[in-house]
Amino acid sequence: TGDGRSIGVLTGELLALLAGDDLPALAETPETISAREQAYMAREAGADAQWWAKRLASLPASAFDDWETDFPRSLRTAGSHHYATSLTSAEAAALTALARRHSASLHAVLLALLAHVVHRRTGRQDFLIGTTATVPESAAEAAVVHYGVNMLPLRFASVGSGGFEALLRHARDELNDALTHARYPFARIYQDLRAARIGANHPGRYPVFDIAITENPAPPPPSTGTHFDQIAPFARQAQGGDGIRYERMPNPPGQDMVLTYQRLGDGGLLLDWQMNAALYHADIGAFWMEGLADAARWLAAHPAADAELPSPSPAERATLAGWSEGAAAPRPSGTFADLFEAMVDRPGQAERPAVLTETGDVSYGALDRQANALAHRLIAAGVRPGQVVAVLTGRSARLPAAMLAVWKAGAVYLPLMASLPEERLAFMAEDAGATVLLALDGIAPPAAIRLPVMVDAIAAGGPDHRPCISGSAQDHAYILY
């Protein structure tokens, strides 16, 4: 078996053969590599095992908690949401220069950015992010097709309590320390952790961490006129712009969320983001990708690492401003009841839930019919357009139908909260000029309110078509005290 790095080895050898070159003899073989690993496990692995155990034991139990997901975690597969965008060569150079100023790698900068976004999107301060590590220790070993990649869990604690400089230092130091002990297999790290922290891991969840970052190494320059393009056509479309490309892929990612980056031939940087479609909606994946891209671009434009990344980001601020200060919309004609009925008549809307309760839900169509039936009872009781109907209620699932019924009858809605003192309720009903009292959910009307009383109930056999009561947008809708 091999890893992603082995693909580069195979393609390089294939290109050499196509060019008529002879392949050099291998100084290492899978057998010698395996023997060296067995010797490591027998003689040296104990120290690394103790280091990893101590490292992970320092985290609170909450760092291993499952994340909030849009769908319950299960064994089903639904592919992945795949997003790609690219940073310009100038932006990539600025991030690389930032890394050098702090004796860090670009991988550490992107790791810190990912941790920042995890905190922003989830609110969690203590968590783990996984990263890949290439295990081969020599060029001769790297030239052999074999599995030479290990997964390393990196600790993040108290994220959000300091600026980005502190987060970058932590990511740099955590990464350097982990790479020093990278030979200890991840499967053993997980086994040791599970023995120390007794508890079942969901079979549909990747062990130890749910979010990972990895680099897709750029292929070396071709020595012949033929070369393989290792960037997928979908990702290639993300080059040269700040937009985000999306596609749905049939296979799920290795973890719930995976950030992959790759240096491009023009000096830019490709950011590739995948989220498990069995757990998350596509718009949530886009929300994470936008956060990563916005944070990377802002940091490239403001390379002082001690600067605090803005929250919300400039792009998020622009979105919020657009929502709060959108273009003026014309005032709709007709009453609220007219607008509600027009919405119910849209294709598919009548079957959608309008009111959700502990015992079930009421569709828009059913709510419309309930309001129509109650409006006919109000009209039959003598309610005329412009008159005030007092509605006595607490927290009631019948209130939406009651309000609509009052408006469908052309009347004015006066809410009376049953928890208010009786004298206050009587004053409000008299002062507003109410002509009838509609009591919901069997609430007993106060004796001080001297009005005809209607008890709300879903009557069987009565008319439930829409009343023919005309109104305008200038009609009074409600009276509030």
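Every heavy atom of this structure was used, including side-chain atoms; hydrogens, water molecules and symmetry mates were not. All residue numbers refer to positions in the sequence shown, counting from 1.
Ring geometry, Phe340 versus Tyr364: the interplanar angle falls from 30° to 60°, so the pair is classed tilted.
By the 4.5 Å heavy-atom criterion applied to side chains, Phe71 and Arg76 are counted as neighbours. Residues Leu179 and Leu175 meet the side-chain proximity criterion, which asks for heavy atoms closer than 4.5 Å. Between Ile189 and Leu56, some side-chain heavy-atom pair lies under the 4.5 Å cut-off. Side chains of Ile284 and Asp70 form a contact here, defined as non-hydrogen atoms less than 4.5 Å apart. For the pair Ile213 and His107, the minimum side-chain heavy-atom distance is below 4.5 Å. Leu87 is not listed as a side-chain neighbour of Tyr261, based on a closest heavy-atom distance of 4.5 Å or more. Contact of the Arg73 side chain with the Asp210 side chain is registered, since non-hydrogen atoms from C-beta on lie closer than 4.5 Å. The shortest side-chain heavy-atom distance between Leu269 and Glu91 does not fall under the 4.5 Å cut-off.
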message = For Ile211 and Val118: C-alpha separation, side-chain torsions, deciding distance, then whether side chain to side chain contact (heavy atoms under 4.5 Å, CB included) applies.
response = CA-CA 9 Å; Ile211 303 174; Val118 170; 3.7 Å; yes

task = Apply the test side chain to side chain contact (heavy atoms under 4.5 Å, CB included) to residues Phe64 and Leu193: give CA-CA distance (whole Å), side-chain angles for both, the deciding distance (0.1 Å), then the verdict.
result = CA-CA 11 Å; Phe64 300 90; Leu193 176 66; 3.6 Å; yes

inquiry  = Walk me through whether Leu292 and Thr85 qualify under side chain to side chain contact (heavy atoms under 4.5 Å, CB included).
reply    = CA-CA 10 Å; Leu292 284 165; Thr85 190; over 6 Å; no

message = side chain to side chain contact (heavy atoms under 4.5 Å, CB included) for Leu113 and Val117? Distances and angles first, verdict last.
response = CA-CA 6 Å; Leu113 280 171; Val117 174; 5.6 Å; no

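The line from CG of Asp294 to CH2 of Trp298 is 12.0 Å long, rounded to the nearest 0.5 Å. The structure places OG1 of Thr32 at 10.5 Å from CD of Glu37, a figure rounded to the nearest 0.5 Å. Of the inter-residue distances, the one linking Trp52 atom CH2 with Arg188 atom CZ reads 15.5 Å to the nearest 0.5 angstrom. One finds the CZ atom of Arg398 at 8.5 Å from the CG atom of Leu367 (value rounded to the nearest 0.5 Å). Here the OG atom belonging to Ser103 is positioned 9.5 Å from the CG atom belonging to Asn176, to the nearest 0.5 angstrom. Taken from NE2 in His170 to CZ in Phe164, the straight-line distance is 12.5 Å, to the nearest 0.5 Å.
Between Ile33 and Glu28, the shortest heavy-atom distance links the atoms CG1-OE1, 4.3 Å. Between Arg248 and Ala78, the closest heavy-atom pair is NH2-O, 2.8 Å. The two residues Ala16 and Leu23 have their closest heavy-atom pair at CB-CD2, 4.0 Å. Between Pro400 and Val355, the shortest heavy-atom contact is CG-CG2, 4.1 Å. Between Thr132 and Val149 the shortest heavy-atom distance is CB-CG1, 4.0 Å. For the pair Ala212 and Ile129, the tightest heavy-atom approach, listed with the atom from each and the gap, is CA-CG2, 4.3 Å.
Under the side chain to side chain contact (heavy atoms under 4.5 Å, CB included) criterion, Pro415 pairs with Tyr413, Leu480, sequence neighbours left out. Not counting sequence neighbours, the partners of Asp475 by the side chain to side chain contact (heavy atoms under 4.5 Å, CB included) test are Thr335, Ser472. Residues meeting the ring-ring contact (aromatic ring centres under 6.0 Å, His included) test with Phe186, sequence neighbours left out: Tyr206, Phe209. Among residues two or more places apart in sequence or in another chain, the ring-ring contact (aromatic ring centres under 6.0 Å, His included) test is passed with His119 by none.
For Trp51 (side chain) and Asp177 (main-chain N/O), no donor-acceptor pair under 3.5 Å exists by modelled atom type. Put simply, the side chain of Asp256 never gets that close to the backbone of Met275: no donor and acceptor are under 3.5 Å apart. Checking side-chain atoms of Thr260 against main-chain N and O of Glu215 turns up no donor-acceptor pair under 3.5 Å. A distance-only check finds a donor-acceptor pair linking the side chain of Asn150 to the backbone of Ala182 [under 3.5 Å]. At distances below 3.5 Å, not a single donor-acceptor pair connects side-chain atoms of Arg155 with backbone N or O atoms of Leu59. Looking at Ser80, its side chain never comes within 3.5 Å of a backbone N or O of His82 through a donor-acceptor pair. Side-chain atoms of Tyr83 never come within 3.5 Å of backbone atoms of Leu271 as a donor-acceptor pair (strictly under, hydrogens ignored). At least one donor-acceptor pair under 3.5 Å links the side chain of Arg124 to the backbone N or O of Asp65.
Residue pairs satisfying the ring pair (Phe, Tyr, Trp, His ring centres under 6.0 Å) criterion with at least one member in residues 18-40, sequence neighbours excluded, are absent.
Using modelled atom types, one finds a donor on one side chain and an acceptor on the other under 3.5 Å when comparing Gln349 with Arg352.
A salt bridge does not link Asp48 with Arg183: every distance from a Lys NZ or Arg NE/NH1/NH2 to an Asp or Glu carboxylate oxygen is 4.0 Å or more.
By the 6.0 Å contact criterion, CD on Glu68 is open, its count of non-hydrogen atoms from other residues, nucleotides or ligands being 12 or less.
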Under 3.5 Å, which donor-acceptor pairs do the side chains of residues 309-317 form with other protein atoms, sequence neighbours left out?
unit_1: Ser311; atom_1: OG; unit_2: Arg120; atom_2: NE; d: 3.2
unit_1: Ser313; atom_1: OG; unit_2: Glu316; atom_2: N; d: 3.2
unit_1: Ser313; atom_1: OG; unit_2: Glu316; atom_2: OE1; d: 3.4
unit_1: Glu316; atom_1: OE1; unit_2: Arg120; atom_2: NH2; d: 3.1
unit_1: Glu316; atom_1: OE1; unit_2: Ser313; atom_2: N; d: 2.9
unit_1: Glu316; atom_1: OE2; unit_2: Arg121; atom_2: NH1; d: 3.2
unit_1: Glu316; atom_1: OE2; unit_2: Arg121; atom_2: NH2; d: 3.1
unit_1: Arg317; atom_1: NE; unit_2: Pro312; atom_2: O; d: 3.2

